[in-house]
Q: 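Starting off with a structure, shown below.
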Amino acid sequence: MKKTLITLAAVAAALTALSAPAIASARPAHVVVVSDHRGPDWKHRDDRASAQLNGRIARLDARIDQGRRTGQISYREGRRLNNELNLISSQKRSFERSGRGLSLNEISLLDNRLDRLQGQIRYEKHDFDNRRG
């Protein structure tokens, strides 16, 4: 009985050791993990969040331009969408001027505004009110 329990414990330990790396690597590839070594009181992330926001702003700007070129977005709609994107970019620069980086709340606020703008761009491109032909 004692040998059986010891054998079962050894098998369970071996299986746990083998499955731990597989579980740890099960994270989706698009998730960016930011490790913070500065302690629990620190409420700011590093520059990766700022770079990701810059990339997202550039992609949305390209989508607006592409929609205007193809006629899916009218001049007036494009101007309104570009103005909103410029306001978001301006707010991001204002947050960065604080000298302490972007806080988690600031990142969340900018990300939510970009989500809203992305939905507006999608709507304007597919509302069929400015189609040629």
Side-chain angles (χ1 to χ4, degrees):
M1 179 75 165
K2 196 173 192 182
K3 284 184 179 181
T4 306
L5 289 176
I6 291 173
T7 305
L8 286 175
V11 170
L15 289 176
T16 303
L18 290 175
S19 65
I23 292 171
S25 66
R27 181 179 61 227
H30 66 279
V31 173
V32 175
V33 177
V34 179
S35 60
D36 194 358
H37 61 278
R38 294 170 279 212
D41 296 334
W42 185 257
K43 302 282 189 235
H44 299 90
R45 290 199 179 190
D46 59 356
D47 292 332
R48 284 182 279 186
S50 180
Q52 288 176 343
L53 289 170
N54 285 340
R56 190 162 178 211
I57 289 169
R59 285 189 301 277
L60 290 177
D61 187 39
R63 285 197 61 190
I64 294 169
D65 290 343
Q66 183 266 339
R68 288 174 85 173
R69 279 193 314 274
T70 61
Q72 292 176 309
I73 296 176
S74 70
Y75 174 78
R76 177 178 275 159
E77 292 168 344
R79 192 176 63 207
R80 183 181 54 78
L81 293 169
N82 273 331
N83 285 341
E84 179 63 25
L85 187 61
N86 290 338
L87 288 172
I88 294 169
S89 295
S90 175
Q91 186 175 30
K92 179 183 170 294
R93 283 191 306 274
S94 174
F95 288 157
E96 289 172 334
R97 274 191 222 112
S98 67
R100 49 184 168 70
L102 294 172
S103 72
L104 296 177
N105 288 337
E106 292 167 345
I107 293 168
S108 177
L109 178 94
L110 292 169
D111 202 37
N112 288 337
R113 288 187 70 186
L114 289 171
D115 285 343
R116 241 185 342 267
L117 180 62
Q118 184 175 353
Q120 290 171 354
I121 293 169
R122 184 181 311 114
Y123 174 79
E124 295 298 347
K125 285 182 80 171
H126 300 292
D127 64 356
F128 299 105
D129 67 349
N130 196 39
R131 297 292 173 145
R132 293 180 183 153

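Keep in mind it's a predicted model, so treat the numbers as computed, not measured.
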Q: Taking atom CG of Asn112 and atom CD1 of Ile107, what is their separation to the nearest 0.5 Å?
A: 12.0 Å
Q: Tell me, with the steps shown, if Arg68 and Glu77 meet side chain to side chain contact (heavy atoms under 4.5 Å, CB included).
A: CA-CA 9 Å; Arg68 288 174 85 173; Glu77 292 168 344; over 6 Å; no
Q: Measure from the side-chain N and O atoms of Ser89 to the backbone N and O of Leu85, and report whether any donor-acceptor pair falls under 3.5 Å.
A: yes
Q: Test your reading of the model: is there a side-chain donor-acceptor pair from Asn86 to the backbone of Asn82, 3.5 Å cut-off?
A: yes
Q: Under the criterion salt bridge (Lys or Arg N to Asp or Glu O under 4.0 Å), which of Arg113, Arg116, Arg79 is the partner of Glu84?
A: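 The salt bridge (Lys or Arg N to Asp or Glu O under 4.0 Å) with Glu84 is passed solely by Arg113 among Arg113, Arg116, Arg79.
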Q: Walk me through whether Leu102 and Leu53 qualify under side chain to side chain contact (heavy atoms under 4.5 Å, CB included).
A: CA-CA 11 Å; Leu102 294 172; Leu53 289 170; 3.9 Å; yes
Q: Rounded to the nearest 0.5 Å, what separates atom CD1 in Ile121 from atom NE2 in His126?
A: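 If I round to the nearest 0.5 Å, the distance is 11.0 Å.
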Q: Are Gln66 and Gln72 close enough that some pair of their side-chain heavy atoms sits under 4.5 Å apart?
A: yes
Q: Is the closest side-chain heavy-atom distance between Asn83 and Leu87 below 4.5 Å?
A: no
Q: Go through it in stages, so that I can follow the logic: the residues are Arg80 and Glu124, the test is side chain to side chain contact (heavy atoms under 4.5 Å, CB included), and I'd like the CA-CA distance, side-chain angles, deciding distance and then a yes or no.
A: CA-CA 11 Å; Arg80 183 181 54 78; Glu124 295 298 347; 2.8 Å; yes
Q: How long is the gap from CD on Glu96 to CD on Glu106, to the nearest 0.5 Å?
A: 9.0 Å
Q: To the nearest 0.5 Å, what is the distance between CD on Gln52 and CZ on Arg48?
A: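 Spacing of CD (Gln52) from CZ (Arg48) equals 8.0 Å.
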Q: Please find the pair of heavy atoms, one from Leu110 and one from Ile88, that lie closest to each other, and give the distance.
A: CD2-O, 3.9 Å
Q: Lys92 vs Asn54, test: side chain to side chain contact (heavy atoms under 4.5 Å, CB included). Steps then yes/no.
A: CA-CA 9 Å; Lys92 179 183 170 294; Asn54 285 340; 2.9 Å; yes
Q: Judged by modelled atom types alone, do Gln118 and Arg56 share a side-chain donor-acceptor pair under 3.5 Å?
A: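 Indeed, the side chains of Gln118 and Arg56 share at least one donor-acceptor pair under 3.5 Å.
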